[in-house]
There are 2 protein chains.
Amino acid sequence: MSKKSKSIRRSDCPIACALDIIGDKWTLLVVRDLALGKRQFESFLESPEKIATNVLTDRLQRLESLGFVSKGVDPGDRRKSVYQLTEQGLQLRTLVRYVARWGLKHIPRTALLEGARE
Amino acid sequence: MSKKSKSIRRSDCPIACALDIIGDKWTLLVVRDLALGKRQFESFLESPEKIATNVLTDRLQRLESLGFVSKGVDPGDRRKSVYQLTEQGLQLRTLVRYVARWGLKHIPRTALLEGARE
DNA sequence: CTGTATCCAGCCGGATACTG
DNA sequence: CAGTATCCGGCTGGATACAG
């Protein structure tokens with residue numbers, strides 16, 4: 001998984017280009033979890049959507065290669081990694097927040113996850 | 001294409017539910033075009049991303065079934081249909097605008113399409 | 001013509017095996 | 001145990017045939 005990826009952009013439209021990055025069902029959920037403060041691989045797996053490990057690996061690597069996520073060593077357990085949003089990645093929170101706001105307003109029976117700020 | 005769709009929601013998170021609707025590479029581009037005032041099937045095909053006809057049919061039907069788009073008869077040519085955002089669908093414009101704003105700021109060499117307002 | 005359906009290669013992602 | 005790779009069924013969507 002995670003091939004050399006599509007570097008062939010469909011157009012110069014910022015929406016089209018943005019969708020080539022975040023236009024799937026999992027990426028923004030990973031960003032959501034990062035924004036909620038999750039740092040360890042295992043933590044992401046606990047979210048209710050039950051992301052598969054290979055998909056999580058793929059999205060984290062993709063986000064890292066794009067500069068939105070940084071990967072470091074867990075100071076508490078050198079075997080583990082910690083992931084977090086970079087300065088660049090923090091900008092994605094606003095977008096995620098907007099998607100959440102829209103979903104809350106227009107999709108029945110939705111509720112923010114425990115711990116969601118604001 | 002366009003099967004009975006996934007009614008099985010992954011969670012009650014508004015972000016996850018929103019992504020089940022708009023989490024793909026084409027839906028928001030169709031919304032973008034609708035927001036830009038495109039009304040006819042053919043017009044959407046002219047956008048630089050060159051959406052395939054079956055994908056366009058699928059997205060328009062999905063958006064219609066969700067209540068975001070209404071389909072009517074073209075008064076100028078009874079053989080044609082006109083599509084437009086419903087009151088509900090107009091709310092999506094804000095989201096699209098936010099995605100555009102984010103893309104413009106964080107993705108190199110992006111530029112709004114001709115005709116994009118604001 | 002406008003719009004939908006079909007075909008099918010290629011990609012996505014769930015399950016699970018594997019590496020260190 | 002943390003994280004990655006593989007396997008492979010099912011879906012996505014480009015090309016194109018088809019219907020009205």
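For the numbers below, each heavy atom of this structure counts, side chains included, while hydrogens, waters and symmetry mates do not. Here is the naming used below: chain letters follow the sequence lines, and residue numbers restart at 1 for every chain.
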**Q** Starting at CZ of A:Phe44 and ending at P of D:dC1, how long is that distance when rounded to a whole Å?
**A** 20 Å
**Q** Does NZ or CZ of B:Arg97 come closer than 6.0 Å to the centre of the six-membered ring of B:Trp102, within 45° of the ring's axis?
**A** no
**Q** Looking at every strand, decide which applies to B:Gln40 at a 4.0 Å heavy-atom threshold: base, sugar-phosphate, or nothing.
**A** nothing
**Q** In this structure, would A:Val82 and A:Val69 fall into the same cluster of hydrophobic residues linked by side-chain contacts under 4.5 Å?
**A** no
**Q** Can you tell me how the ring of B:Tyr83 sits relative to the ring of B:Phe44, calling it parallel under 30°, perpendicular over 60° and tilted otherwise?
**A** perpendicular
**Q** Just N and O in the side chain of A:Lys71: are any of them under 4.0 Å from OP1 or OP2 of D:dA2?
**A** no
**Q** Quick one: which of D:dT4, C:dT4, D:dG13 gets closest to the side chain of B:Trp26?
**A** D:dG13
**Q** Mind calculating the distance between CG (B:Leu29) and P (D:dG13) to the nearest angstrom?
**A** 11 Å
**Q** Measure CG/A:Asp74 against P/D:dC1 and give the value in whole Å, please.
**A** 16 Å
**Q** Are more than 12 heavy atoms from other residues, nucleotides or ligands located less than 6.0 Å from atom NZ of B:Lys105?
**A** no
**Q** What is the distance, to the nearest angstrom, from the CD atom on A:Glu64 to the P atom on D:dG3?
**A** 12 Å
**Q** Determine whether a donor-acceptor pair (one donor, one acceptor, N or O, separation below 3.5 Å) exists between the side chain of A:Asn54 and the base of C:dG14.
**A** yes
**Q** What is the distance from CG of A:Leu56 to P of D:dA5, rounded to the nearest Å?
**A** 13 Å
**Q** Given the structure, check if the side chain of B:Asp58 and the base of D:dG13 hold any donor-acceptor pair shorter than 3.5 Å.
**A** no
**Q** Between A:Lys80 (NZ) and C:dG20 (C1'), how many Å, whole number?
**A** 16 Å
**Q** Output the rounded distance in Å from CG (B:Asp24) to P (D:dT12).
**A** 9 Å
**Q** Quick one about B:Asn54 and B:Thr57 (side-chain donor to acceptor, distance below 3.5 Å, no hydrogens or angles considered), yes or no?
**A** no
**Q** Just how far, in rounded Å, is P of D:dA19 from CZ of B:Arg79?
**A** 19 Å
**Q** Is A:Thr53 near enough to C:dA15 that one of its side-chain N or O atoms lies under 4.0 angstrom from OP1 or OP2?
**A** no
**Q** Does B:Arg78 place a side-chain N or O at less than 4.0 Å from the phosphate oxygens OP1/OP2 of C:dT2?
**A** no
**Q** Which nucleotide wins on minimum distance to the side chain of B:Glu42, given the candidates C:dG14, D:dT4, C:dT2?
**A** C:dT2
